[in-house]
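Data first, discussion second: the structure below is written as structure tokens.
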Amino acid sequence: MTTCIPAGTGKLHFRVRDFNAQGCRKASWVTFSELSWSRGVSKFLQIQRCNSSQSPINESSKPLRTITSSSLRDDSTKFFDFTVIGSGVAGLRYALEVAKHGSVAVITKAEPHESNTNYAQGGVSAVLCPSDSVESHVQDTIVAGAYLCDEETVRVVCTEGPERIRELIAMGASFDHGEDGNLHLTREGGHSHHRIVHAADMTGKEIERALLEAVIKDPNIFMFQHHFAIDLLTSQDGSETVCLGVDTLNTETLEVIRFISKVTLLASGGAGQIYPTTTNPPVATGDGIAMAHRAQAVVSNMEFVQFHPTALADEGLPVKSTKARGNAFLITEAVRGDGGILYNLDMERFMPLYDERAELATRDVVARSIDDQLKKRNEKYVLLDISHKPRDKILSHFPNIAAECLRGGLDITRQPIPVVPAAHYMCGGVRAGLQGETNVQGLYVAGEVACTGLHGANRLASNSLLEALVFARRAVQPSIDHMKSSSLDFSASNWWSRPVVPMSLERNVINKILTMTRKVRKELQSIMWNYVGIVRSTTRLEAAEQKIHDLEAKWEDYLFRLGWEPTMVGLEACEMRNFFCCAKMVVSSALARHESRGLHYTIDFPHVEESERLPTIIFPCSSVKSTWSSRQLHNQPMC
Amino acid sequence: MATNLSHQFSSTIVTKAEPLACSAINSVSRLLSSSTGQSQPERENAEVKYDGKSEKPTEDGEDELDLNKETGEIGGPKGPEPTRYGDWEKNDRCSDF
């Protein structure tokens, strides 16, 4: 039997029974009495087969390939066999497969190429060399994941990776080759073999390009750009929650568009933007994780946020840019490798205090050390100094950092570079079984939004594109099966009340709300960085919990006092809801883990604890006292 | 104090990455051998061209192939090996680690 506790209403602890030594750890809210990774989830997900067979629902009108506005007044509901939320590698890869079986809508909140995928310049890891082995890749992944990975998941991903790469090549993605005609493989930290395939320096971009090209050519796939996903549409089928589509806001025409589908793939990416410095583009606001949580999907391992230790700190540059940097400039290891020294703002070299390898310690140690310095000294950045090296060597080795800093009025041959850690990747997310399935029927997940068990407590380099490819592919057959065997009432489009655009509010009221929302966003990012950073503590996390709670209450109160109504939607307001939702989940997950492991480090439990080596689960259920951020905006249909 | 801190931090080191010192030494020596004699600011192209010309005489075709003599890679990233320090570096910027 499942017991769940409304989010935020207190702690209830069960004794967790280990299930094949892969049980689940209790988070502050929840427990399953027995739950393991893929086994538990698959067991729970008895997909209900309906008796009636259905033909695919297709859009009746002649397809408009890329749709940014609905010209017909009554075109505010669209029916597709499959709806994909997100246009990164996971979403597009999936779309191309399921499109062979039905109509597909791809919903993306900005331009299709705007996703973390596009910024992934490294490579994709896969076993493609005879001297390499799946076992080796598995081991490297598990070690990197601090032994919190689900071994079955890791094995599946490492085994299926090579085939997924070959398919990409067949689809037109160009990866670098060697003289012998074989794929050129390089080796990143953490890998014991050369196994990273790449396309010059822009692997993610190249994969995205190839997939987009194929998507555009596919007559069954319809791209809806500038459509922001608001909430998943769900209903109850007995004790099961079923997903039947998603409400979106066309941010160009300001219309609410409802998508009804038997199958939804959530591939909306990461949530780096909840931190003030992040490599993630502005679209990465955790929308998918938040929507899934509101739709009763299980979320897992949110405490494992990957930071890079040394991003260029714009606030330390003499000349401040008027335009805020979208994604952080991560300064390569090479600078430290070439002799760069880290100092705090008093020009004290601090790394030797933390590790005898000083600046050459591993990245996670450097990140923690920098974070510790910043928090102890209440400062915004530290300094990375290479100016003691000969000027011509600096300029020849690091011309781009030199140029970038010069733009900000800083000469790196004479002055140290201001740096601060940046949030880069969310290892946690919506809990997925081996087929990308979730505990919500008809809802599948793939990519960074998912928590598949691959990354565990820390992601191995180049494994994220791999995970996206493998899970996008694995979710295909179950999706097709589900689509073919489930029924959908066309009147479903009326089952939920519609979110509304705030037409009734005055322009100046909207502006006030916008201004406040932007301010609150910055405040939340600041709380996250200051209280839920790299070096954590119970005191700080509890303070974060309180501050986030107060900030959310203050923001919602402000909105509603100005006339904003609970069913109203706007891009910034909806993103803000998702911000709060994700932030709260990171904090509560961090509080629930009474050990330090991988990316999660807390001074109150600074060591790894074998008894804690379990995933952190957040299992929502209908809340008695929920905030606007934690509720779906439409009313649930009556069962 | 110093001991405490290093115990705190080093006890939780995830052994996912090879110690930077090792890769740094290997990588620095690689960097030195591949960048000797280069004149800047043609850093981006110099690596490949230098490698192409310094060793055995090349045929015209190989230069056109954009071959990196050291790694055998065709059409690869210009400049030093992006993974020489364990992360993925392009234009001094890290994009994966």
Side-chain angles (χ1 to χ4, degrees), chain A residues 119-123 140 143-144 146 176-180 184 186-190 196 198 200-201 279 308 329-338 352-357 360-365 368-369 392 395-396 398-401 457-458 460-462 596-598 601 603 606-608, chain B residues 1-25 27-28 31 35 38-44 46 62 65-69 71-97:
Chain A
Y119 293 83
Q121 290 184 2
D140 290 343
V143 166
D176 293 349
H177 282 73
E179 281 178 284
D180 55 0
H184 184 265
T186 186
R187 183 175 153 188
E188 268 184 282
I196 317 294
H198 51 279
D201 298 312
T279 56
H308 186 277
F329 186 120
L330 295 186
I331 292 176
T332 171
E333 207 93 5
V335 175
R336 280 179 283 127
D338 271 18
L353 294 176
Y354 296 96
D355 194 289
E356 61 199 7
R357 295 166 293 182
L360 300 183
T362 53
R363 255 184 311 271
D364 53 336
V365 171
R368 275 177 225 148
S369 308
D392 61 321
L395 293 177
S396 73
F398 306 114
N400 291 288
I401 298 178
N458 195 350
L460 178 62
S462 295
S596 288
R597 184 180 296 270
Y601 181 87
I603 61 178
H607 306 289
V608 163
Chain B
M1 157 89 169
T3 319
N4 265 354
L5 284 166
S6 69
H7 171 70
Q8 272 189 16
F9 284 69
S10 53
S11 64
T12 57
I13 289 169
V14 172
T15 54
K16 67 173 178 75
E18 49 207 67
L20 196 56
C22 297
S23 58
I25 288 166
S27 308
V28 165
L31 183 65
S35 63
Q38 278 184 44
S39 60
Q40 293 302 318
E42 298 290 347
R43 179 169 177 252
E44 274 206 345
E62 281 191 11
L65 267 181
D66 196 12
L67 170 74
N68 183 323
K69 276 290 178 184
T71 62
E73 187 177 359
I74 296 170
K78 307 284 194 284
E81 171 57 36
T83 58
R84 65 195 186 284
Y85 284 114
D87 64 354
W88 189 284
E89 171 271 331
K90 176 197 174 190
N91 292 342
D92 314 331
R93 207 167 169 167
C94 164
S95 57
D96 192 24
F97 54 96

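Because only heavy atoms are used, hydrogens play no part in the values below, and waters and symmetry mates are left out as well, while side chains stay in. All chains are named by letter (A, B, ...) in the order of the sequence lines, taking the proteins before the strands, and each is independently numbered beginning at 1.
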What's the separation between atom [atom1] in [X] and atom [atom2] in [Y], rounded to the nearest 0.5 Å?
X: A:Thr362; Y: B:Phe97; atom1: OG1; atom2: CZ; answer: 12.5 Å
X: A:Ile331; Y: B:Asp87; atom1: CD1; atom2: CG; answer: 11.5 Å
X: B:Thr83; Y: A:His198; atom1: OG1; atom2: NE2; answer: 8.0 Å
X: B:Trp88; Y: A:Thr186; atom1: CH2; atom2: OG1; answer: 5.5 Å
X: B:Ile74; Y: A:His177; atom1: CD1; atom2: NE2; answer: 8.5 Å

**Report entry** Flag side-chain contact, heavy atom, 4.5 Å: A:Asn400 against B:Arg93
**Finding:** no
Query raised in the report: Heavy-atom distance under 4.5 Å to chain B: side chain of A:His308, backbone, both or neither?
Result: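 For A:His308, heavy atoms of backbone and side chain both lie under 4.5 Å from chain B.
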Requested in this report: With sequence neighbours excluded, tell me which residues meet side-chain hydrogen bond (donor to acceptor under 3.5 Å, both in side chains) with A:His184.
Outcome: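 Counting only residues at least two positions away or on another chain, A:His184 forms a side-chain hydrogen bond (donor to acceptor under 3.5 Å, both in side chains) with B:Glu73.
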Query raised in the report: Between A:Asp176 and B:Gly76, which heavy-atom pair has the shortest distance, and what is it?
Result: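 Closest pair (atom of A:Asp176, atom of B:Gly76, distance): OD2-CA, 3.2 Å.
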Requested in this report: For A:Pro399 and B:Asp92, work out which heavy atoms get closest and say how close.
Outcome: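 Taking every non-hydrogen atom into account, N-OD2, 3.2 Å.
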